[in-house]
Every structure is written in structure tokens, then in C-alpha cells.
Amino acid sequence: MLLQGKTIVVTGGNSGIGEQICLAAAAEGANIVIDYVAHPEATDALIKKIEDAGGKAVGVDADITKAADLQTMVQTAVDTFGRLDVLVNNAGMEDRKSLLEETEEGYDRLMAVNMKSAFFATQHAAKQFIAQGDGGLVLNISSVHEDWPMPGNIAYCVSKGGMRMLARTGGVELGAHGIRIVNIAPGAVDTPINTATTTDPEKLKQLDAAIPLGRLAKPEEIADVVVFLASGKAGYMTATTVTIDGGITQGSVGL
Ligand code: BGC
């Protein structure tokens with residue numbers, strides 16, 4: 001198994017891409033720490049699914065917008081499984097507002113969920129990795145929009161652009177400790193974040209047409225790359241981004 005005995009924390013782990021990361025990592029032998037703030041019943045169901053398949057998982061009710069809660073989250077991993085090997089900053093949201101529409105409250109909320117959370121979770125994980133003395137890995141579930149404008153979703157793009165620099169600058173700062181930071185940039189994925197598009201046949205047709213592979217990604221297809229990156233078979237990668245987008249960012253109208 002690729003992740004035997006490794007302890008992995010996944011923020012926003014009880015739905016969407018996060019849930020599939022938990023399942024895929026558990027299937028490869030990892031101990032899973034599922035961070036959540038809502039739907040404890042979904043966390044319980046996921047833990048049961050992992051345990052029924054012979055895996056190990058624990059839930060932690062931690063508000064990722066609070067640095068103190070992020071420290072509790074890291075500590076839960078250490079208290080439960082003895083150490084931390086991989087942090088996956090997965091939790092995220094979007095609000096589909098333009099620059100002219102965004103409010104201060106909406107901006108603060110989005111930046112706290114997407115950006116501040118990843119920043120301070122990485123800080124706490126890095127301190128734990130340094131205390132353990134044998135390196136560590138942070139994987140950020142970013143987006144193609146860390147580098148590709150999405151008009152009408154600007155705060156989301158700004159937050160993901162920040163995540164891009166978190167991986168690059170943080171990766172450089174922490175390299176000497178053997179700590180690596182790698183971003184994963186999905187394109188359109190069939191998860192709750194895209195329900196407004198996937199439940200509207202016209203919009204879905206338009207989105208599929210813009211993707212060279214002709215369809216959204218399944219969350220499992222993102223989780224598989226997380227397993228690979230966490231497996232030790234990608235040990236020279238840091239301060240960079242892996243794109244998984246079906247080619248969407250390479251398209252052109254060709255006119
Ligand atoms: C966004 C989606 C969007 C996709 C492709 C994702 O990061 O969350 O709303 O459809 O990128 O543009």
C-alpha cells in the first residue's frame with residue numbers, strides 16, 4: 001500500500017474532493033483525520049465507511065478560519081496517531097461575485113476559508129514537522145484559477161492566487177527542513193461547489209464543450225493524484241503546482 005501508516009489531515013474532509021481524498025488515502029493504508037465544521041453526520045458516515053473497509057479515521061470539529069482551531073486539528077492528529085505526515089488544505093468556497101459586486105463581509109469570509117486557513121494550517125503543520133525532525137508534506141487543493149482569471153468570481157481567484165504564492169514562498173522557506181508544499185490545481189470537478197452549473201443542462205453543455213476531454217473531472221480523479229503526491233514517489237516536487245484540468249486552460253476559440 002502506498003500510504004501505509006502515514007497520518008493525513010484533510011480540511012473540509014467530509015464532502016466533495018475532500019471526501020474522496022479521505023477514502024483514497026485510507027484505502028492505501030493512511031490514518032485519516034477528517035476536519036469539518038458542518039454535517040457531523042457526514043463525518044460519522046465517512047469514518048464508518050473507512051473503518052468498515054479496515055481503515056482508521058477520526059473526525060475533528062475545527063473551524064479552519066481560526067488559527068487556534070487549526071492548531072487543535074494538528075494536535076488531534078498527533079494525539080490520535082502519534083505524528084503528522086501530510087496536511088491537505090482542501091476546504092474551500094466560492095461566491096461568484098465580480099469586483100464591483102463583492103462586499104467586505106463576503107471578501108473577508110472567502111479569504112478566511114480559502115486562504116487564511118491554508119496559511120495557518122501550513123504554519124502549524126510545519127512546526128509539527130520540524131519537531132518530528134524528518135520533513136513533511138503540505139498539499140493545497142488550489143484551482144486552475146490560481147493563475148487563470150475567472151471573471152465574475154474574482155475573490156475566489158484572488159484567494160487561489162494567494163495559495164499559489166503560499167506554495168512557492170512557503171516551499172522555499174521550508175525546503176531546508178525537508179518540508180515540501182505542492183499545489184494541485186483542478187479544473188471543473190463534479191462536486192457541490194459546481195452544483196449551479198451541473199444542474200443546469202445548458203450551462204453544463206457549455207462547460208463540457210470548453211473542456212478538451214469533454215467532461216468535468218470526478219473527485220476521485222483528483223484524489224488519485226493526491227495519493228501519488230503523498231506516496232513518496234514524488235519526493236523531489238516542491239513549491240510548484242500540478243494541474244488536473246482535462247485541458248480546459250489550454251483551449252482557444254481558434255478564431
Ligand atoms: C471553480 C469552478 C469552475 C472551474 C473551472 C473551479 O476552480 O470552482 O467554479 O467551473 O474552476 O473554471
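Whatever order the structure lists ligands and atoms in, that order sets their numbers, starting from 1.
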Can a donor-acceptor pair be found between the side chains of Asn89 and Thr122 at a distance below 3.5 Å? yes
His145, any N or O under 3.5 Å of ligand 1 N or O: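 Between His145 and ligand 1 (N or O atoms, distance only) the closest approach is under 3.5 Å.
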Applying a 4.0 Å heavy-atom criterion (strictly less than), which segment of Met93 is in contact with ligand 1: side chain, backbone, both, or neither?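 None of Met93 does.
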Closer than 4.0 angstrom, basic N to acidic O: yes or no for Glu94 and Arg96?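 Here Glu94 pairs with Arg96 in a salt bridge, since their nearest N and O are under 4.0 Å apart.
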Taking 4.0 angstrom as the limit, do Asp208 and Lys205 come out as a salt bridge? no
Proximal ligand 1 atoms for Tyr156, defined as those under 4.0 Å from one of its heavy atoms: 1 (C), 6 (C), 7 (O), 8 (O)
What side-chain donor-acceptor pairs closer than 3.5 Å can you find for residues 237-255, not counting sequence neighbours?
from, atom 1, to, atom 2, distance (Å)
Thr238, OG1, Ile181, N, 3.0
Thr241, OG1, Glu146, OE2, 2.7
Thr241, OG1, Arg168, NH1, 3.4
Asp245, OD1, Gly247, N, 2.8
Asp245, OD2, Thr249, N, 3.1
Asp245, OD2, Thr249, OG1, 2.6
Ser252, OG, Gly254, N, 2.9

Looking only at protein heavy atoms, identify the closest one to atom 1 (C) of ligand 1 and say how far it is in Å.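 Among all protein heavy atoms, the one nearest atom 1 (C) of ligand 1 is Glu94 OE1, 3.3 Å.
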Check: residues 125-139 side-chain donor-acceptor pairs under 3.5 Å, at least two apart:
from, atom 1, to, atom 2, distance (Å)
Gln128, NE2, Gln132, OE1, 2.8
Gln132, OE1, Leu84, N, 2.8
Gln132, NE2, Leu84, O, 2.8
Asp134, OD1, Arg83, NH2, 3.3
Asp134, OD2, Arg83, NH1, 3.3
Asp134, OD2, Arg83, NH2, 3.3

Heavy atoms only: which of Asn153, Asn194, Thr191 lies closest to atom 10 (O) of ligand 1?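 Nearest heavy atom to atom 10 (O) of ligand 1 lies in Asn194.
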For ligand 1, is there an atom lying under 4.0 Å from some heavy atom of Arg96?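 Yes.
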